[in-house]
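Only one structure is covered here, and it is reproduced in the block below.
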Amino acid sequence: MIPPKRPGVPGVILAGAGVLLGVGALMIARAEARTNKIALASSPQPVAVVRAAAAMYRPSRAYGGTLASWVEARVGPQLLSAYIETVLVRPGAVVHRGDVLATLDCRNASASTLAVRMEARAIATRQRAVADEASRFRSMLDGGFVSSVEVEQGTARGTAEEADLEARQARLEQASIAEDDCVLRAPFDGEIATRSLDPGAFVRPGASVLTIVDRATVRFVADAPETDFDLLRPGTPVRVRVYATSKDVPGVVARRAPGTDLQTRTVRFEVDVPDPDRDIPTNTTGEAHIDAGEPVPATEVPLYAATVRAGRAALFVVEGDGARAAVHPRSFEVKGEIGGSLFLDTSLPAGTRVVLEGRELLEDGDLVATREATEVRR
């Protein structure tokens, strides 16, 4: 038997479908309302700007180098091998020429010197005896008591003894020099830089026990390209930046090599820096700055604001104010750079607003919303 139809079912279905369609329409309308209909290119882009400044630029050269002591000596034995007996100074000690710095255990050398001295004394005694004998033979020759051969033999023995004495005296002098090597003295006024060995260590000829430096005058040593040879004339004023103390000290080019290095094609030069207070540490690094021309007018902008290629700087300048402010790319000749500043040709007027941050996505004519940079990025 077929069940009877329910007249309300189609209506319920149609009503439900209508409700679903209405909800979908509302969701579509809401999504459309949140969609931005304005093109991003037409909205101002936020950028940080800085104003170009009028400046004077003077070309200069900078050379990295080393600050070395005026003289430096590694003190140690030159003739003897021995144990170190005492070391009397430590790094930082101020010493004067002739001061005893260390001593070696040289009992063997002292004994050898004494033995050679005694041998020389014995030979001197024999030499005097032979000389007296030769003198008596010569006096007896006139009376015919001795032959001329005996006189010549006595004279020859005297000459041989004299030569042997001189040889022994030379050995004694050599032994005395070796014995003096047992006491290590300061070769000049200065300061102890390093202490390499302590008492009890065995030291051989040529080994360093202590290093002494004189830094009353410090030498700045650097290499420059061969094209700057004429710029480094002796007497040229130089400013030396000492990295260790973060100070600038004045000086002049004292010496310049007459030729270039065959491998690097560089010229070595030295700047003497007086340091009576001994404030500059040796064997540290520094940088010498030398003016290479006359000051010329320029426009200064932060180095970070431009892209430099082939002697020209590309940057964005802002033209217009308010909602009509737009950027345009410009290119200017580079005069030079110092630190974080770039110096351009004066065709870029002072006071021009230059984009400092946010220029990566900019194109010619883009509208921008500007703000003055509070801190210039270097």
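Residues: numbered from 1 along the sequence shown.
- Residue pairs meeting the salt bridge (Lys or Arg N to Asp or Glu O under 4.0 Å) criterion with at least one member in residues 334-354, sequence neighbours excluded, are D321-R353, K335-D345.
- The hydrophobic cluster containing V301 does not contain Y57, counting ILVMFWY residues as joined when their side-chain heavy atoms lie under 4.5 angstrom apart, directly or transitively.
- A donor-acceptor contact shorter than 3.5 Å links the side chain of D99 to the backbone of H96.
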* **Verdict with supporting geometry, T282 and I280, side-chain contact (heavy atoms from CB on, under 4.5 Å)** => CA-CA 6 Å; T282 60; I280 302 175; over 6 Å; no
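- V213 and V71 fall into different hydrophobic clusters, where Ile, Leu, Val, Met, Phe, Trp and Tyr residues are linked whenever their side-chain heavy atoms come under 4.5 Å apart, directly or through other members.
- Side-chain N or O atoms of R239 include none that pairs as donor or acceptor with a backbone N or O of G251 at under 3.5 Å.
- Between E226 atom CD and R265 atom CZ the span is 6.5 Å, to the nearest 0.5 Å.
- Under a 3.5 Å cut-off, the side chain of R61 and the backbone N or O of I290 do not form any donor-acceptor pair.
- The environment of CZ in F202 is crowded: more than 12 heavy-atom neighbours from other residues, nucleotides or ligands sit within 6.0 Å.
- Within a 6.0 Å radius of CZ in R74, other residues, nucleotides and ligands contribute 12 heavy atoms or fewer.
- Scanning both residues, L315 and A305, for their nearest heavy atoms gives CB-O, 3.5 Å.
- The distance from the NE2 atom of H328 to the CD atom of E319 is 4.5 Å, given to the nearest 0.5 Å.
- The hydrophobic cluster containing F188 also contains W70, counting ILVMFWY residues as joined when their side-chain heavy atoms lie under 4.5 angstrom apart, directly or transitively.
- For the pair R256 and F229, the cation-pi test (distance below 6.0 Å, angle within 45°) is passed.
- Counting heavy atoms from C-beta on, the side chains of R241 and S246 come closer than 4.5 Å.
- Looking only at side-chain heavy atoms (C-beta outward), D279 and T245 stay at 4.5 Å or farther from each other.
- Between the side chain of D261 and the main chain of T264, a donor-acceptor pair closer than 3.5 Å is present.
- The two residues D272 and A254 come nearest to each other via the heavy atoms OD2-CB, 3.4 Å.
- Residues S331 and R312 have side chains that bring a donor and an acceptor to within less than 3.5 angstrom of each other.
- Side-chain atoms of V308 and L342, non-hydrogen and from C-beta on, do get closer than 4.5 Å to each other.
- The shortest non-hydrogen separation linking T299 to A52 is CG2-CB, 3.5 Å.
- A ring-centre distance under 6.0 Å is not found for Y63 and F220.
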* Does the pair L197 and V203 meet the rule for a side-chain contact (heavy atoms from CB on, under 4.5 Å), with working shown? -> CA-CA 8 Å; L197 298 172; V203 63; 4.2 Å; yes
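- Across all non-hydrogen atoms, the minimal contact from L80 to C182 is CD1-SG, 3.4 Å.
- Under the 4.5 Å side-chain criterion, counting only non-hydrogen atoms from C-beta, V318 is in contact with V368.
- Rounded to the nearest 0.5 angstrom, R90 CZ and D198 CG are separated by 6.0 Å.
- L303 and V49 are not part of a single hydrophobic cluster, where members link through side-chain heavy atoms under 4.5 Å apart.
- Transitive grouping of hydrophobic side chains (ILVMFWY, heavy atoms separated by less than 4.5 Å) brings I84 and I212 into a common cluster.
- Side-chain N/O atoms of T103 and T86 include a donor and acceptor closer than 3.5 Å.
- Taking CD from E270 and CZ from R268, the interatomic distance works out to 8.0 Å, rounded to the nearest 0.5 Å.
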* To do: Take V238 and V253 through the test side-chain contact (heavy atoms from CB on, under 4.5 Å) and record every step on the way to the result.
  => CA-CA 7 Å; V238 178; V253 176; 3.6 Å; yes
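- Nearest heavy atom pair, residue S81 against residue P205, reads OG-CD, 3.1 Å.
- Considering only heavy atoms from C-beta on, S69 stays 4.5 Å or farther from V218 through its side chain.
- R215 places none of its side-chain heavy atoms less than 4.5 Å from the side chain of E72.
- Here the options are T236, L231, L232, the test is side-chain contact (heavy atoms from CB on, under 4.5 Å), and the partner is F269; only L232 passes.
- In this structure, the separation between CD on Q78 and CG on L184 is 9.0 Å, given to the nearest 0.5 Å.
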* Check step by step if side-chain contact (heavy atoms from CB on, under 4.5 Å) holds for D189 and D214. => CA-CA 7 Å; D189 295 347; D214 175 12; over 6 Å; no
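- F343 has its side chain within reach of I338: a pair of non-hydrogen atoms, C-beta onward, lies under 4.5 Å apart.
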* Please test R58 against D291 for salt bridge (Lys or Arg N to Asp or Glu O under 4.0 Å), starting from the C-alpha separation and ending with a verdict. => CA-CA 7 Å; R58 188 171 190 177; D291 294 328; 3.5 Å; yes
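- Nearest heavy atoms, P187 versus A73: CG-CB, 4.0 Å.
- At least one side-chain heavy atom of E357 sits under 4.5 Å from a side-chain heavy atom of Y304.
- Taken from CG in L101 to CD1 in I192, the straight-line distance is 5.0 Å, to the nearest 0.5 Å.
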